[in-house]
Amino acid sequence: MSVPAFGLGTFRLQGQVVIDSVRNALDLGYRVIDTAQIYENEAEVGQAIAASGIARQDLFITSKIWIANFARDRLIDSLKESLGKLQTDYLDLTLIHWPSPEDQVPVAEFMGALLEAKRLGLTRQIGVSNFTIELMQQAIAAVGAENIATNQIELHPYLQNRKVVEFAQSQGIQITSYMTLAYGEVLKDPLIQQIATRLQATPAQVTLAWAMQQGYAVIPSSTRRANLQSNLGATTLTLSDADMALIATLERGQRLTNPKGIAPQWD
C-alpha cells in the first residue's frame with residue numbers, strides 16, 4: 001500500500017496537547033503522523049517530531065492543503081510554509097483537504113499545482129480528501145489515477161461509504177478512513193463490544209482492525225498514552241469473516257462531518 005495502514009491523527013489537538021500526543025505516539029512506535037494546515041498545529045507537530053530524534057526517512061508525514069490555498073499561485077507557497085513549520089524538506093503525502101466550495105478553483109488547477117509540488121520534490125505522494133466519485137473522476141482526468149495515492153474520507157461502521165470506496169478501489173486509489181471510531185460512538189455499540197469481549201480486545205481495536213482488514217489506512221488520535229498504546233494492538237488483531245459481516249450490518253448513513261458551505265453533494 002502506498003499509504004501505511006496505521007498512523008496517528010492530530011485533528012482538534014493543539015498546543016501542548018498535540019506535542020504530548022505526538023511525542024507519546026512516536027515513543028510507543030508510531031511512525032505515521034497526519035496533520036493539516038487548518039488544524040493550526042503543524043508547528044507543534046514539527047516540534048515534537050524534531051525532539052524525538054527519529055530519522056526523517058523512518059517517518060511518514062501527511063498534511064493537507066486548505067481551501068484558501070488552492071489557487072495555482074498560492075498552493076506551492078503554502079506547502080513550503082507547512083514544510084517550514086513541520087521542520088522537514090518534504091512531506092510523504094500531501095492532500096487536498098476539501099473540494100473547492102462551489103468550484104471556485106477548478107479541480108484541474110489545484111491538482112495540477114499539487115502534481116507540480118510532487119515534481120519539485122516537496123511531497124513524495126499526493127491525494128485528496130472528502131472527494132465524491134464525481135470529484136475523483138475530475139482529479140483523475142487532471143493528473144491520472146496513478147498520481148492519486150488516497151482519498152481520505154469519513155468512514156466508520158455507521159458510515160461505510162461503499163459507493164466511494166468501490167469507485168476509488170476500482171481506480172487503484174487507496175482509502176484512508178478518518179473518524180474510524182465515530183467520535184467514540186461505535187465503542188459503545190453492543191455488537192462491537194460483544195466481538196471485543198470474545199476476542200479479548202478493546203472495541204477500538206476491533207473497529208480499527210475492521211477498517212484495516214478492508215485495506216483502509218486508519219489514523220486514530222488520542223491524548224492519552226494508554227489509549228495510544230492500546231490502539232496499536234489493532235495492527236495484530238484479525239477478525240473472522242463472520243465478524244466482518246456482522247460489523248457490515250451496522251451501516252446507517254450516519255455522517256458526522258458535513259461543514260456547511262464546504263462539504264460537497266455526497267454520494
Side-chain angles (χ1 to χ4, degrees), residues 1 3-13 17-18 21 24-25 28 30 32-36 39 62 97-98 129-132 150-166 168-169 174-259 263 266-267:
M1 292 192 294
V3 181
F6 187 88
L8 177 76
T10 62
F11 177 52
R12 289 186 164 174
L13 307 184
V17 172
V18 77
S21 177
N24 280 320
L28 290 165
Y30 285 68
V32 179
I33 310 291
D34 180 283
T35 182
Y39 297 173
T62 300
H97 202 156
W98 285 88
S129 182
N130 300 299
F131 269 40
T132 60
T150 193
N151 185 8
Q152 186 179 124
I153 55 174
E154 179 183 344
L155 192 153
H156 44 77
Y158 296 155
L159 180 73
Q160 297 182 27
N161 237 321
R162 288 175 184 145
K163 287 181 184 173
V164 169
V165 168
E166 188 178 348
Q169 291 180 336
Q174 193 180 341
I175 291 292
T176 301
S177 157
Y178 74 75
M179 227 171 277
T180 319
L181 307 179
Y183 286 140
E185 280 302 301
V186 294
L187 306 185
K188 303 177 225 166
D189 190 280
L191 175 62
I192 301 279
Q193 290 183 338
Q194 182 187 347
I195 293 169
T197 301
R198 179 159 40 79
L199 296 177
Q200 296 183 299
T202 67
Q205 287 169 348
V206 167
T207 307
L208 294 167
W210 163 81
M212 286 188 284
Q213 253 175 258
Q214 295 177 84
Y216 313 151
V218 296
I219 44 170
S221 66
S222 180
T223 57
R224 295 184 56 216
R225 186 182 173 96
N227 288 347
L228 290 167
Q229 184 154 27
S230 176
N231 287 347
L232 269 174
T235 61
T236 55
L237 182 66
T238 302
L239 305 184
S240 68
D241 290 346
D243 286 337
M244 294 292 287
L246 284 171
I247 297 172
T249 67
L250 296 177
E251 166 65 52
R252 59 193 194 199
Q254 184 180 345
R255 189 175 294 282
L256 302 173
T257 306
N258 195 28
W266 301 111
D267 291 299

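Keep in mind that this is a model prediction, so the values were computed, not measured. Throughout, numbering of the chain's residues begins at 1 and tracks the sequence.
Partners of P190 under the side-chain contact (heavy atoms from CB on, under 4.5 Å) rule, at least two apart in sequence or in another chain, do not exist in this structure. Under the rule for a ring pair (Phe, Tyr, Trp, His ring centres under 6.0 Å), the partners of F6 that lie at least two apart in sequence or sit in another chain are Y30. In terms of the side-chain contact (heavy atoms from CB on, under 4.5 Å) criterion, residue partners of Q193 (sequence neighbours excluded) are, by chain and number, P203. Applying the side chain to side chain donor-acceptor pair (under 3.5 Å) rule to Q160 yields the partners R162; only residues at least two apart in sequence or on another chain are considered. Listed by chain and residue number, L181, L187, T202, N231 satisfy the side-chain contact (heavy atoms from CB on, under 4.5 Å) test with A204 (two or more places apart in sequence, or in another chain). E185 pairs by the side chain to side chain donor-acceptor pair (under 3.5 Å) definition with K188, not counting sequence neighbours. When the side-chain contact (heavy atoms from CB on, under 4.5 Å) test is applied to Q214, the partners found at least two apart in sequence or on another chain are W210, Y216, M244. Residues forming a side chain to side chain donor-acceptor pair (under 3.5 Å) with D267 (at least two apart in sequence, or on another chain): none. For S21, there are no side chain to side chain donor-acceptor pair (under 3.5 Å) partners at least two apart in sequence or on another chain.
Under the salt bridge (charged side-chain N to carboxylate O under 4.0 Å, His left out) criterion, no residue pair touches residues 204-223, with sequence neighbours excluded. For residues 233-257, the pairs satisfying salt bridge (charged side-chain N to carboxylate O under 4.0 Å, His left out) are R198-D243, with sequence neighbours left out. Within the structure, salt bridge (charged side-chain N to carboxylate O under 4.0 Å, His left out) pairs that include any residue of residues 212-228 comprise D27-R225 (at least two apart or interchain).
Side-chain contact of Y178 with D34: a donor-acceptor pair under 3.5 Å is absent, judged by distance alone.
Rounding to the nearest 0.5 Å gives a distance of 5.5 Å between CG of L191 and CG of L246. Atom-to-atom distance recorded for N151:CG and S129:OG is 6.5 Å, nearest 0.5 angstrom. The CG atom of L13 sits 8.5 Å away from the OG atom of S222 when rounded to the nearest 0.5 Å. A distance of 10.0 Å separates CD in Q229 from CG in N24, rounded to the nearest 0.5 Å. Distance check: R12 CZ to Y183 OH gives 3.5 Å after rounding to the nearest 0.5 Å. The CD atom of E166 sits 12.0 Å away from atom CG of N161, with the distance rounded to the nearest 0.5 Å.
The closest side-chain heavy-atom distance from I195 to I192 is not below 4.5 Å. Counting heavy atoms from C-beta outward, S177 and H156 have side chains that stay 4.5 Å or more apart. In this structure the side chain of Q152 reaches within 4.5 angstrom of the side chain of I219, judged on heavy atoms.
Scanning both residues, Q174 and A217, for their nearest heavy atoms gives NE2-CB, 3.8 Å. Between L208 and A234, the closest heavy-atom pair is CB-CB, 3.6 Å. Shown here for V206 and A196, the closest heavy-atom pair between the two residues is CG2-CA, 3.6 Å. Of all the heavy atoms in I175 and T150, the pair that sits closest is C-OG1, 3.7 Å. Taking both residues in full, the closest heavy atoms of L199 and L239 are given as CD1-CD2, 3.5 Å, listed atom of the first, atom of the second, then distance. Of all the heavy atoms in N258 and A263, the pair that sits closest is OD1-CB, 3.1 Å.
A side-chain donor-acceptor contact under 3.5 Å links E154 to the backbone of L256. Looking only at distances, a side-chain donor or acceptor of Q205 sits under 3.5 Å from a matching main-chain atom of S230. For the pair T132 (side chain) and W266 (backbone), a donor-acceptor distance under 3.5 Å is absent.
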| request: I would like to know whether L155 and V165 meet side chain to side chain contact (heavy atoms under 4.5 Å, CB included); could you show each step before the answer? | output: CA-CA 9 Å; L155 192 153; V165 168; 3.6 Å; yes
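Note on ring orientation: taking the six-membered ring where Trp is involved, the planes of H97 and Y39 are perpendicular (angle over 60°, cut-offs 30° and 60°).
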